[in-house]
Amino acid sequence: MEIRPLKSFGIEVIGVDLSHTQDPEAVAYMHQLWADNGLLLFRNQRLEECEVIRFSRLFGELEIHVREEYLSPNHPELLIVSNVKKNGKPIGILSDHEVGWHHDQIYLPRPAVGSLLYSVKIPDSGGNTAFCDQAGAYEALPVSKKRELEGVRAVHSYEYFNRQWSEPTSEMQKKRTPDVTHPLVRTHPISGRQAIYADPGMTSGIEGMNKADGHAFLNELYDWCLQPQFLYEHKWRLGDAVMWDNASTMHRRGEFDPNAERIMKRTTILPPPQMAVPI
Ligand code: OGA
Ligand code: MN
């Protein structure tokens, strides 16, 4: 196994076939690498659905996503992200439009710590996924700002995200995803690093602040996070698997030609149960 840094964060792992990985030492090494660097990229994979699931499970239990209409028919651990329609019905979520900055599942009381996205069909151009290193952004803040963030809690809402970037949920799904609050600075369950834990897509406000003040406070933080030194934009190739860390990074997707087809398969990885609630 060889590793190559992508930017100031993110690592490409070379020489690993995800369909065969099982050596506990190699897995432990990758787990630490992932937690410390925010994102792992594996290129040139050829994976069956069950192999994507098996590999993902080496890093934690998998969440079954609340959008059951977009789960793989044979493997509910896989969420399909796609603009392809079959018999007039979308096979996946997020279609071909822009998807703004977000953390997967920040809106749950016990949010996922990671996601693995595997590319099955991609357009010739567009549909890139950008990542923002919010641990690096936090570390670079002046001490006075870090103090200001201590004890602050942010409010997260799946509805807020769906109104901006996705489709409405059913009444049942709404009941399963009420708004939640988490600390605005999250300590990573494995690396112990602290990161800004809020995003423009899903964070609807700051606890105890009115809407306008909350948004102003958050927007200033986002401007800081979205500086080029904290960003990596991934241009997908067929067979790429990107496993990102949802505790220390947020991501967004660019739009692409609606006439092109894009199919991605995603698992959502939970932290160890004793570390399930963000601190
Ligand atoms: C996701 C997501 C972006 C993409 O699967 O959580 O945000 O590039 N996908 O499709
Ligand atoms: Mn996402």
Side-chain angles (χ1 to χ4, degrees), residues 5-11 32-40 99-115 129-157 160-161 164-165 179-234 242-253 271 275-279:
L6 294 167
K7 282 236 0 211
S8 62
F9 73 108
I11 298 276
Q32 194 66 42
L33 206 61
W34 179 44
D36 290 341
N37 294 279
L39 179 154
L40 298 183
V99 181
W101 290 105
H102 65 280
H103 294 75
D104 296 333
Q105 304 203 336
I106 196 170
Y107 53 83
L108 292 182
R110 295 165 173 253
V113 78
S115 299
T129 311
F131 296 86
C132 173
D133 171 22
Q134 290 179 296
Y138 176 78
E139 268 155 31
L141 280 175
V143 176
S144 58
K145 189 71 189 175
K146 285 183 183 164
R147 277 211 198 102
E148 209 187 308
L149 304 184
E150 268 175 35
V152 177
R153 294 183 72 83
V155 185
H156 310 287
S157 162
Y160 187 72
F161 178 75
Q164 297 184 81
W165 303 114
D179 293 2
V180 298
T181 68
H182 292 304
L184 181 55
V185 176
R186 181 176 182 182
T187 303
H188 194 282
I190 294 156
S191 71
R193 283 178 88 196
Q194 290 181 293
I196 295 166
Y197 195 52
D199 62 64
M202 292 177 170
T203 307
S204 59
I206 296 289
E207 194 175 63
M209 259 190 219
N210 71 39
K211 230 186 195 166
D213 290 352
H215 280 160
F217 185 86
L218 286 165
N219 284 337
E220 194 190 313
L221 267 187
Y222 299 147
D223 285 347
W224 177 265
C225 292
L226 295 175
Q227 297 178 88
Q229 68 268 33
F230 304 126
L231 301 181
Y232 163 68
E233 180 162 330
H234 186 64
V242 173
M243 188 164 81
W244 64 82
D245 185 306
N246 279 306
S248 65
T249 67
M250 61 177 172
H251 56 282
R252 72 173 285 277
R253 194 210 44 217
M275 297 169 180
V277 177
I279 51 167

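Quantities reported herein were computed from a predicted structural model and do not represent experimental measurements.
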Practice prompt. Report yes if the distance between the aromatic ring centroids of Y197 and H103 is under 6.0 Å, otherwise no.
Written response: yes
Discussion item. Just checking W165 against H102, ring centres under 6.0 Å apart?
Written reply: no
Does any non-hydrogen side-chain atom of [Y] lie less than 4.5 Å from one of [X]?
{"X": "I190", "Y": "Q32", "value": "yes"}
{"X": "L218", "Y": "I206", "value": "yes"}
{"X": "L6", "Y": "F131", "value": "no"}
{"X": "R193", "Y": "E139", "value": "yes"}
{"X": "L231", "Y": "E233", "value": "no"}
{"X": "I106", "Y": "D199", "value": "yes"}
{"X": "V242", "Y": "H234", "value": "yes"}
{"X": "T249", "Y": "F9", "value": "yes"}

[X] and [Y]: which non-hydrogen atoms are nearest, and at how many Å?
{"X": "S248", "Y": "G38", "answer": "OG-CA, 4.0 Å"}
{"X": "L226", "Y": "M250", "answer": "CD2-CE, 3.8 Å"}
{"X": "T203", "Y": "Y160", "answer": "O-CE2, 3.4 Å"}

Worksheet item: Would you find a donor on one side and an acceptor on the other, under 3.5 Å apart, between the side chain of H182 and the backbone of L108?
Response: yes
Discussion item. Taking G201's backbone N and O only, do any of them form a donor-acceptor pair with Q164's side chain (distance below 3.5 Å, no angle check)?
Written reply: yes
Worksheet item: If you measure only the distance, is there a donor-acceptor pair under 3.5 Å linking the side chains of D104 and H251?
Response: yes
Discussion item. If I take atom CG from residue D36 and atom CG from residue D245, how far apart are they, to the nearest 0.5 angstrom?
Written reply: 9.5 Å
Fill in: Intermediate values then yes/no, side chain to side chain contact (heavy atoms under 4.5 Å, CB included), F161 and V99
CA-CA 9 Å; F161 178 75; V99 181; 3.8 Å; yes
Discussion item. Among P189, P271, P183, exactly one meets side-chain contact (heavy atoms from CB on, under 4.5 Å) together with P278. Which residue is that?
Written reply: P183
Worksheet item: Are E148 and K145 ion-paired here, with the side-chain N under 4.0 Å from a carboxylate O?
Response: yes
Discussion item. Taking CZ in R110 as the centre, count heavy atoms belonging to other residues, nucleotides or ligands within less than 6.0 Å. Is the count above 12?
Written reply: no
